Amino acid sequence: MGKIALITGITGQDGAYLSELLLRKGYEVHGIKRRSSSLNTQRVDRLYDHPSFKLHYGDVTDAINMHQLIAKILPDEIYNLAAQSHVAVSFEMPLYTVNADGTAILGILEAVRLLGLDCKIYQAGTSEMFGNAPAPQNLSTPFMPCSPYACAKVMAHHLMITYRQAYDMHCVNGILFNHESPLRGETFVTRKIVDAAKAIYNGKQNILKLGNLNASRDWGHARDYVRGMWEMMQYQTPEDWILATGQVCTVREFTTKVFAKLDIKLNWVGTGRGEVGMDNSGRILVRVDERYYRPNEVEYLQGDPIKAYELLGWEPQFTLDDLINDMMDA
Ligand code: NAP
Ligand code: GDD
């Protein structure tokens with residue numbers, strides 16, 4: 001008998017790649033999808049006919065629903081990936097974000113505890129929890145969350161440790177730095193840049209508007225990161241881990257690289273909120289737009305994944321260039 005996994009957030013970027021990985025490993029994969037008036041399962045539609053792939057309606061903020069699903073599915077492993085995962089949106093919907101990204105893990109932890117299940121739980125933590133703490137951020141770096149999203153994730157992280165210590169439950173925290181892919185949501189900056197560059201190249205869009213071009217991120221590929229999630233869950237003891245590449249680039253550099261793949265050289269002119277990116281003929285293709293700034297900015301994230309490297313043998317297989325090529329080719 002293969003293992004049974006339950007994935008919340010299965011319709012998102014990571015949920016789709018993790019599903020594929022677990023099915024390849026012989027798991028029965030159950031996922032929670034939210035009821036929506038429009039289709040929200042595009043990322044996993046190709047798995048729909050797989051005999052070991054099953055979707056259930058649910059919402060992580062509904063603890064009764066989570067308890068019922070966990071009691072019915074009896075999973076060996078739960079991956080809690082569900083989240084309102086957009087940092088900027090979390091400033092506009094703080095209470096919902098804290099409910100979905102922070103409080104909701106309690107529904108899962110309590111269900112597993114009350115049902116007495118021998119079930120491992122993975123919580124999708126984030127480099128945003130470090131906020132503007134000095135880089136490189138490692139497992140000793142203090143959390144300095146500076147968005148409702150990050151505050152919620154810090155709470156979930158500590159609840160996991162609390163249940164691990166108090167009830168001896170197998171609670172695993174993955175603190176993952178930014179990871180992208182062709183399945184990335186359209187409003188995250190890498191996908192937005194790739195889509196816009198292609199549309200500008202094809203004459204379908206005139207300009208790309210961005211916020212903070214100086215923001216620096218440690219960008220990896222989601223395929224590498226879901227493999228890391230699974231490896232953390234197989235480790236003999238429940239622990240906290242960091243997955244990152246250690247390589248950093250700014251939003252400006254990422255944009256330059258993407259346009260360069262289309263043979264467009266961007267020249268950056270001006271500073272701060274007046275900065276623009278022009279092609280060699282002087283046409284403005286990129287402009288800074290105040291609306292994409294956040295009330296609080298996280299300026300520089302660079303992770304130190306040494307523990308995962310040494311104890312799991314995990315290391316990223318995609319370079320930043322590989323990632324951009326994969327996103328451009330999609
Ligand atoms: P994503 O593409 O935004 O996917 C989020 C998933 O959560 C979607 O399936 C979404 O469903 C679901 N969801 C949202 N609210 C829910 C609710 N109340 N109940 C049930 N499902 C809900 O995010 P991702 O990039 O795959 O990230 C996966 C997890 O890792 C998230 O927790 C994120 O915060 C965390 N994380 C991501 C990164 C990264 O760089 N990607 C880095 C660190 C941590 P719909 O499809 O219906 O919206
Ligand atoms: N989205 C977006 N749109 N971001 C922009 C833009 C823009 O037009 N212009 C500049 N940025 C900057 C943001 O201010 C941020 O500093 C950086 O680009 C990356 O933004 P996002 O792609 O939205 O990702 P994020 O870093 O805020 O959050 C992602 O990574 C976290 C891990 O560090 C999300 O996936 C989170 O869920 C994840 O936890």
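Please read these numbers as outputs of a predicted model, since none were measured by experiment. Numbering of ligands and ligand atoms starts at 1, following listing order. We number each residue from 1, following the sequence as shown.
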Student: For atom 4 (O) of ligand 1, grab the closest protein heavy atom and report residue, atom and distance to one decimal in Å.
Tutor: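 So the nearest neighbour among protein heavy atoms is Gly12 CA, 3.3 Å.
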Student: Heavy atom under 4.0 Å from ligand 2: found in Thr187's side chain, backbone, both, or neither?
Tutor: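 The backbone, only.
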Student: Pairs in or reaching into residues 35-62: which pass ring-ring contact (aromatic ring centres under 6.0 Å, His included), with residues at least two apart or in two chains?
Tutor: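 Output for this query lists His30-His56.
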Student: Applying a heavy-atom cut-off of 4.0 Å, say which part of Lys192 lies close to ligand 2: side chain, backbone, both or neither.
Tutor: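 For Lys192, only side-chain atoms sit under 4.0 Å from ligand 2.
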Student: Can you list every ring-ring contact (aromatic ring centres under 6.0 Å, His included) pair that touches residues 268-305, not counting sequence neighbours?
Tutor: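 Qualifying pairs: none.
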Student: Looking only at protein heavy atoms, identify the closest one to atom 3 (O) of ligand 1 and say how far it is in Å.
Tutor: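 The closest heavy atom on the protein side is Ser85 OG, 2.6 Å.
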Student: So, do Tyr309 and Trp241 have ring centers that fall under 6.0 Å from each other?
Tutor: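 No; Trp241 has its ring centre 6.0 Å or more from that of Tyr309.
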Student: Heavy-atom contact check, 4.0 Å cutoff: does Lys153 meet ligand 1?
Tutor: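 Heavy atoms of Lys153 do come under 4.0 Å of ligand 1.
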Student: Taking only heavy atoms of Val60, which atoms of ligand 1 are found under 4.0 Å from at least one of them?
Tutor: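 Per the distance check, 17 (C), 18 (N), 19 (N), 20 (C).
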Student: Among all protein non-hydrogen atoms, which one is nearest to atom 30 (O) of ligand 1, and what is the separation to 0.1 Å?
Tutor: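 Its nearest protein heavy-atom neighbour is Ala124 CB, 3.5 Å.
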Student: Just to confirm my output: which protein heavy-atom neighbour is closest to atom 36 (N) of ligand 1, and how far is it?
Tutor: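 So the nearest neighbour among protein heavy atoms is Tyr149 OH, 3.9 Å.
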Student: Of the backbone atoms (N, CA, C, O) and the side-chain heavy atoms from C-beta on, which set of Tyr293 has a member under 4.0 Å from an atom of ligand 2: side chain, backbone, both, or neither?
Tutor: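 It is neither part, as no heavy atom is under 4.0 Å.
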Student: Report the part of Val189 (side chain from C-beta onward, or backbone N, CA, C, O) that has a heavy atom under 4.0 Å from ligand 2; answer both or neither where that applies.
Tutor: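 Both the backbone and the side chain of Val189 come within reach of ligand 2.
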Student: Which residue from His86, Arg191, Arg294 reaches closest to atom 23 (O) of ligand 2 through any of its heavy atoms?
Tutor: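 That would be Arg294.
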Student: Can you tell which part of Leu210 has a heavy atom less than 4.0 Å from ligand 2: side chain, backbone, both or neither?
Tutor: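 It is both backbone and side chain that touch ligand 2.
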Student: With a heavy-atom distance limit of 4.0 Å, tell me whether Glu299 approaches ligand 2 through its side chain, its backbone, both, or neither.
Tutor: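 For Glu299, there is no contact with ligand 2 at all, from either part.
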Student: Give a yes/no verdict on whether any heavy atom in Ala104 is under 4.0 Å from an atom of ligand 1.
Tutor: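 Under 4.0 Å: no for Ala104.
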